[in-house]
Amino acid sequence: MSVIIFIDQTEGHIKKASFEAMSYGAAIAKQINVPAYGVLLGNVNDDIAALGKYGVSKIYHVTDEVYNHFDAQVYTKAIAEIATEAGATVVVCSHNQSGKAVAPRVSVKLKAGVVTGAISLPDTSNGFVVKKNVFSGKAFAFVSIDTAVKVISLIQNSYGVNTVEASAEVITKSVAATAKIKVTAVNKVSGEVPLTEADIVVSGGRGMKGGEHWGILEDLAKTLHAATACSRPVADSDWRPHHEHVGQTGIQVSPNLYIAIGISGAIQHLAGVNRSKTIVVINKDAEAPFFKVADYGIVGDAFEVVPKLTEAIKGLKA
Amino acid sequence: MKILVCISKTPDTTSKIAFKDNNTQYDENGVQWILNPYDEWYALVRAIELKEKDASIGIDLVTVGLADSEPIIRKALALGGDVAHRINAASNDSYYVAYQIAELAKKEQYDLVFTGKETIDFNSSSIGGMVAELLDMPYVSLACKFEINGTTATINREIEGGEEVNEVVLPVVVSCQKDMAAQRIPNMRGIMAARTKPLHVIEPVAVDALTTIVKYELPPARQSVKLISPDNVAELARLLRDEVKAF
Ligand SMILES: Cc1cc2nc3c(=O)[nH]c(=O)nc-3n(C[C@H](O)[C@H](O)[C@H](O)COP(=O)(O)OP(=O)(O)OC[C@H]3O[C@@H](n4cnc5c(N)ncnc54)[C@H](O)[C@@H]3O)c2cc1C
Ligand SMILES: Nc1ncnc2c1ncn2[C@@H]1O[C@H](COP(=O)(O)O)[C@@H](O)[C@H]1O
């Protein structure tokens, strides 16, 4: 028996979200007294054996050409085959873009119940019960997986990364498959921290009064190595690109720190940011609803507060 | 060409979240039910836009739900669906729901299956992937653009920090999200027409659920916000370093 963790990569690099997924999977393995193994699909430039530090003792590396691009159908085939071979009772992945596509498919293939969007370790004292986010972070559900094999996808930044001093045994494998999806282009927003992967997000709303004022937010973001985001009206007015819009109808994020500047905190906006660990609000209106869900706040004018904050952070870093 | 759009009913975003029966049931008292936004604004409207360009396209709707789902089905028909199928069962487990949808799809042989990226109540984002696996079809999730040319679909999907363009020969299952289509509201003619459009009620096939919801919990009340004076911004920087460990 074992726990299998899907290690996700893009353009030859392991995604950060997978470090957390491995740490989480390794903790489950410890809890149920079995080893934790990784499954890595496609070629990477990173040191694979070194991933042992996240708690996986063995990594199945599938190197067929077809896995260099993501295709949920063929990825599922490889993960399920290896899970079966390794006698996996739990399959773990990150609840990121790839995980959301793969976890439900693997669940069907293995006839295994799935909990997507898990936020903590399962309770295995009586059955197998996983806590997950529901209602866009406004509540939790405890879901019992009633099948012999279980599939879990973990929300980013909800568990954390643990490391040990170890390296993994790497087993190179081939799993034949034919992709039906052809990737014809990748359009990346260059030079920025990807929003859904970011530890810190600096986000602006209509209080910023226009796209031309975003320089002070970008400076703050750069100082904190943060991604930038915005409220929906900001994207709708083309002050900022659409892919930055967070909320119920936009991107859902779960960073360690979300800094909301000139955003009122409408319920539809909060639906995208509720899962953030710490929330800082800068708004000139003390009655803005965002303060009700904030950990730290400044009631003040963003145009004065934000540059001062950036300077103060730079001062402390120096 | 036939498109299947999977629709579900969810509580409106502004609904109060409360639980009853010892926190084992969602308290539906006073809840306003809506068509799940991702299903409506993106999946269904994109299907309608495709049909407007090619009148030979037929749009079927499916929901797994009890009779109280009919208002959202009528709304989807009013927007522009042609035929609706209601599979008469409560939807508690993703596999159970996906299985029902896949059974219908096997019979009807759709070229395209659209779902929303997730329901706004359970946030599972599972049905699309499960249906695709049950039908042994390719699956493109989190799609933000969808074009079709003959039997080939060109689909932009969200990846970390950008988009990837996928080309795939039909049939395919697609989960839809923002930027797929422009939001619209039903007009009077659509609402009238919806009354006479076919709504088939189908009994579910027997299949076991793989999961059970044991209980719900509300998050602990957040500690009230720690306010820092705008004259002392440096203090916030210090807290971000010492308490939040942001740098
Ligand atoms: C179905 C539906 C879905 C929606 N989905 C989303 C979504 O996904 N994401 C989203 O964001 N919204 C969404 N909305 C819109 C949402 O309801 C709000 O209208 C929107 O979030 C408000 O954006 P805002 O906070 O930037 O603007 P406003 O509400 O106008 O707030 C601006 C804030 O800036 C403050 N301010 C002004 N000047 C300054 C200054 N100089 N310094 C500091 N603060 C200042 C003001 O006090 C105010 O609080 C949705 C709405 C609906 C109906
Ligand atoms: N009961 C249901 N009946 C039909 N389609 C559904 C149902 N539940 C979910 N879906 C579809 O599957 C998508 C993803 O839902 P979920 O996996 O539950 O988050 C939704 O946006 C719908 O398109």
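In what follows, chains carry the letters A, B, and so on, assigned in the order in which the sequence lines appear, proteins first and then strands, with residues in each chain numbered from 1. Being a predicted model, the structure only gives us computed values, none of them experimental.
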Inset, instruction - Would you confirm whether D111(B), through its side chain, and M1(B), through its main-chain N or O, come within 3.5 Å as a donor-acceptor pair? - result: no
Legend entry - Sidechain-backbone polar pair: S107(A) side chain, A112(A) backbone, donor-acceptor under 3.5 Å: yes
Legend entry - Closest non-hydrogen atom pair, Y110(B) against P171(B): O-CB, 3.9 Å
Legend entry - V281(A), part contacting chain B, at a heavy-atom distance under 4.5 Å: neither
Legend entry - Contact class of A103(A) relative to chain B, heavy atoms under 4.5 angstrom: neither
Legend entry - Whether T147(A) side chain and V149(A) backbone form a donor-acceptor pair below 3.5 Å: yes
Inset, instruction - Determine the option with the most heavy-atom pairs under 4.5 angstrom with chain A, choosing from F19(B), Y42(B), Y139(B), W41(B). - result: Y139(B)
Inset, instruction - Report yes or no: does N123(B) contribute a side-chain atom to a donor-acceptor pair with the main-chain N or O of S136(A) at less than 3.5 Å? - result: yes
Legend entry - Pairs of heavy atoms under 4.5 Å with chain B: top-ranked of T116(A), D146(A), V143(A): D146(A)
Inset, instruction - For chain B, find which of A227(A), A72(A), G117(A), G250(A) contributes the most heavy-atom pairs closer than 4.5 angstrom. - result: G250(A)
Legend entry - Leading residue by heavy atom contact count with chain A [cutoff under 4.5 Å; candidates A209(B), G129(B), S224(B), A234(B)]: G129(B)
Inset, instruction - Check whether any side-chain heavy atom of L44(B) sits under 4.5 Å from a side-chain heavy atom of F114(B), and report yes or no. - result: no
Inset, instruction - Would you indicate whether K145(B), at its atom NZ, is surrounded by more than 12 heavy atoms from other residues, nucleotides or ligands within a distance under 6.0 Å? - result: no
Legend entry - Contact origin within D136(B) toward chain A - heavy atom pairs under 4.5 Å: both
Legend entry - Interchain contact, D295(A) with chain B, by part (heavy-atom threshold 4.5 Å): both
Inset, instruction - May I ask you to decide if T223(A)'s main-chain N or O and K317(A)'s side chain share a donor-acceptor pair within less than 3.5 Å? - result: yes
Inset, instruction - Heavy atoms only, distances under 4.5 angstrom: which of V293(A), T310(A), T196(A), V114(A) has the most pairs with chain B? Name it, please. - result: V293(A)
Legend entry - Part of D179(B) within contact of chain A (heavy atom distance under 4.5 Å): side chain
Inset, instruction - Tell me whether the centres of the aromatic rings in F135(A) and F140(A) are closer together than 6.0 Å. - result: no
Legend entry - Exceeds 12 heavy-atom contacts within 6.0 angstrom, atom NZ of K277(A): yes
Legend entry - Segment of P37(B) engaging chain A (4.5 angstrom heavy-atom cut-off): side chain
Legend entry - I120(B) backbone acceptor or donor facing N36(B) side chain under 3.5 Å: yes
Inset, instruction - Output the option from G162(B), P11(B), S229(B) having the highest count of non-hydrogen pairs under 4.5 Å with chain A. - result: G162(B)
Inset, instruction - Under 4.5 Å heavy-atom distance to chain A, tell me which part of F122(B) shows up: side chain, backbone, both or neither. - result: both
Inset, instruction - Check whether I17(B) gets within reach of chain A through its side chain, its backbone, both or neither, counting any heavy atom under 4.5 Å. - result: side chain
Legend entry - Contact origin within Y38(B) toward chain A - heavy atom pairs under 4.5 Å: side chain
Legend entry - Heavy-atom pair count under 4.5 Å with chain B, highest-scoring of I259(A), T10(A), I251(A): I251(A)
Inset, instruction - Find the one option among L257(A), V305(A), T249(A) whose heavy-atom pairs under 4.5 Å with chain B are most numerous. - result: T249(A)
Inset, instruction - For S144(A) and T212(B), indicate whether the former's side chain and the latter's backbone hold a donor-acceptor pair under 3.5 Å. - result: no
Inset, instruction - With a 4.5 Å cut-off on heavy-atom pairs, point out which of M137(B), Q223(B), E243(B) contacts chain A the most. - result: M137(B)
Inset, instruction - Among E158(B), E118(B), K245(B), single out the residue with the greatest number of heavy-atom pairs under 4.5 Å to chain A. - result: E158(B)
Legend entry - Part of S141(B) lying under 4.5 Å from any heavy atom of chain A: side chain
Legend entry - Contact origin within L240(B) toward chain A - heavy atom pairs under 4.5 Å: side chain
Inset, instruction - For chain A, find which of V244(B), L142(B), L218(B) contributes the most heavy-atom pairs closer than 4.5 angstrom. - result: V244(B)
Inset, instruction - Might you confirm whether atom CG of D21(B) has over 12 heavy atoms from other residues, nucleotides or ligands at distances under 6.0 Å? - result: yes
Legend entry - N/O donor-acceptor pair under 3.5 Å between E160(B) side chain and P194(A) backbone: no
Inset, instruction - Tell me, yes or no, whether the heavy-atom count around D301(A) atom CG, taken from other residues, nucleotides or ligands under 6.0 Å, exceeds 12. - result: yes
Inset, instruction - Check whether I200(A) gets within reach of chain B through its side chain, its backbone, both or neither, counting any heavy atom under 4.5 Å. - result: side chain
Inset, instruction - Could you look at Q97(A) and say if it's the side chain, the backbone, both or neither that has a heavy atom under 4.5 Å from chain B? - result: both
Inset, instruction - Check whether S125(B) gets within reach of chain A through its side chain, its backbone, both or neither, counting any heavy atom under 4.5 Å. - result: both
Legend entry - Which of I181(A), I267(A), V186(A) touches chain B most, by non-hydrogen pairs under 4.5 Å: I181(A)
